[in-house]
Amino acid sequence: MSTYQLYPDSPSRGKINCVKRTDNDGSIWCIPFSEDNTDYQEYLKWLDEGNKPKAADK
Amino acid sequence: MSIIKVKSRGTDNVGGGGRRNLLMNGSMQVAQRATSAAGVGASSGYFTCDRWEIETGNSAGRLSMAQNNDSPDGFNNSISLACTTADTSIASNEYFRLQQVIEAQNLQSLAKGTSSAKQFTLSFYVKGNAAATYGIEIYDLDNTRHICSTFNVTTSWNRVSITFAGDTTGAINDDNGGGFQVGIYLHAGSNYNSGTLSTSWASITTANRTSSSNTSFYDSTNRTFFITGVQLEVGDSATDFEYRSFGEELSDCQRYFYKVEGASSDRVGIGGYVVGASEARMDVVFPCAMRAAPTISGTGTAQFDGHADSADFNCSSIIIDEVPTGIVSGLGIQIATSGMTNGHSGGLRFRGSGGTLSFTAEL
């Protein structure tokens, strides 16, 4: 089961429009909030199922 | 005066007068991710040859996958699958497919959903360790319709050719989403094979996606499966495989996956600049426009070399700076680092062996 976590704000840009996914094998993915991206589509589906990403590291 | 003769030909086997093969990397030439992978089967994904995905669920079966040079005359590569963990107790929800999804806007020559819908033919070279029968499904993702068939495998390379009817129902969107999912069913539970195989176009019925009489690839650790020369073309018969140069295939595949990597002796890199003591940005220019804003993933370590400054970091910590819109010809990325001097220029360098940065926009 993959886990999702939000990114901390960028010092210069502010909010980051991506989410971090960590897979079972430890691989890490930065998924852009872009409707055509199939990883983002899966993330939206995961949210629709009532899940919530972990808060960003501080 | 010269006379130019124009030979008249039918349209059944002409895919718009250009390239015939609607699939990419059908000869398994390109393998940007890896040339082999072990323990495949726990989750879906792309492991070896570009554009060819393992789609699986709920099975304990595992396999090794490789870009293999065992191939029929005229080819140099195939995809090989070898069962390493058998699964003979098949639960209803198990499935395992080798598949490629074709971008919808590349399928318009099929005239699907019109009264002129074209027949099309799927062909490929295949062999295995023993006789077997597997399933084929053409899944129209825009209209959730499918048409299916089966094919036989022997211990020798044989070319399989299957012609499918045109479908006058359900036009394929002219966009960058998934159009056809061309799937080879190698293992399936009753959820997928307890009905009647859908040999004519129909709305998806899960139980009709493959045949209950098919072989399970996971029935023994002796089981192997080899495939290459995969072609899907408009028309009622298979023509010779359409060979493309490595450069053409690589460029096609890089619309969906692009990888930057370097060994310790390389200075492959991405130019950038420092925007603060702890933040640097780089601009990646893709060799061809990607299908969508890509997901990024890194392995190993890299360095950001600025004027008089240098910092190491894990490639997995690289994130997207701005999400592009429109034609995705490049991507801004950034790293959180330390010890940088604001305003200096520099570059991301992969000096450590194994450092990679991947961009994925698969379907």
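Quick note on labels: first sequence line is chain A, next is B, and so on, each numbered from 1. Keep in mind that this is a model prediction, so the values were computed, not measured.
Here the straight-line distance linking atom CD1 of Ile28(A) with atom OG of Ser317(B) works out to 8.5 Å at 0.5 Å rounding.
Looking at Arg291(B), its side chain never comes within 3.5 Å of a backbone N or O of Asn37(A) through a donor-acceptor pair. In this structure, the side chain of Ser34(A) does not engage the main chain of Pro324(B) through any donor-acceptor pair within 3.5 Å. With Thr295(B) contributing its side chain and Asp39(A) its backbone, the two residues share no donor-acceptor pair below 3.5 Å.
Counting heavy-atom neighbours within 6.0 Å of Glu35(A) CD, excluding the residue itself, gives a total of 12 or less.
Heavy atoms closer than 4.5 Å to chain B are found in the backbone of Phe33(A), but not in its side chain. For chain A, no part of Ile333(B) is nearby; none of its heavy atoms comes within less than 4.5 Å. For Ile16(A), the part lying near chain B is the side chain, with the backbone staying farther off; criterion is any non-hydrogen pair under 4.5 Å. For Ser43(B), no part lies under 4.5 angstrom from a heavy atom of chain A. Only the backbone of Ile318(B) comes within contact range of chain A, with heavy atoms under 4.5 Å apart. Using a 4.5 Å cut-off between heavy atoms, Ala293(B) contacts chain A through both its backbone and its side chain.
In terms of heavy-atom pairs under 4.5 angstrom with chain A, the leader among Arg281(B), Met290(B), Gln334(B) is Arg281(B). Per-residue heavy-atom pair counts under 4.5 Å with chain A were compared for Ile320(B), Asn176(B), Val275(B), and the maximum is reached by Ile320(B).
Here the side chains of Cys18(A) and Ile319(B) are not in contact, with every heavy-atom distance at 4.5 Å or above.
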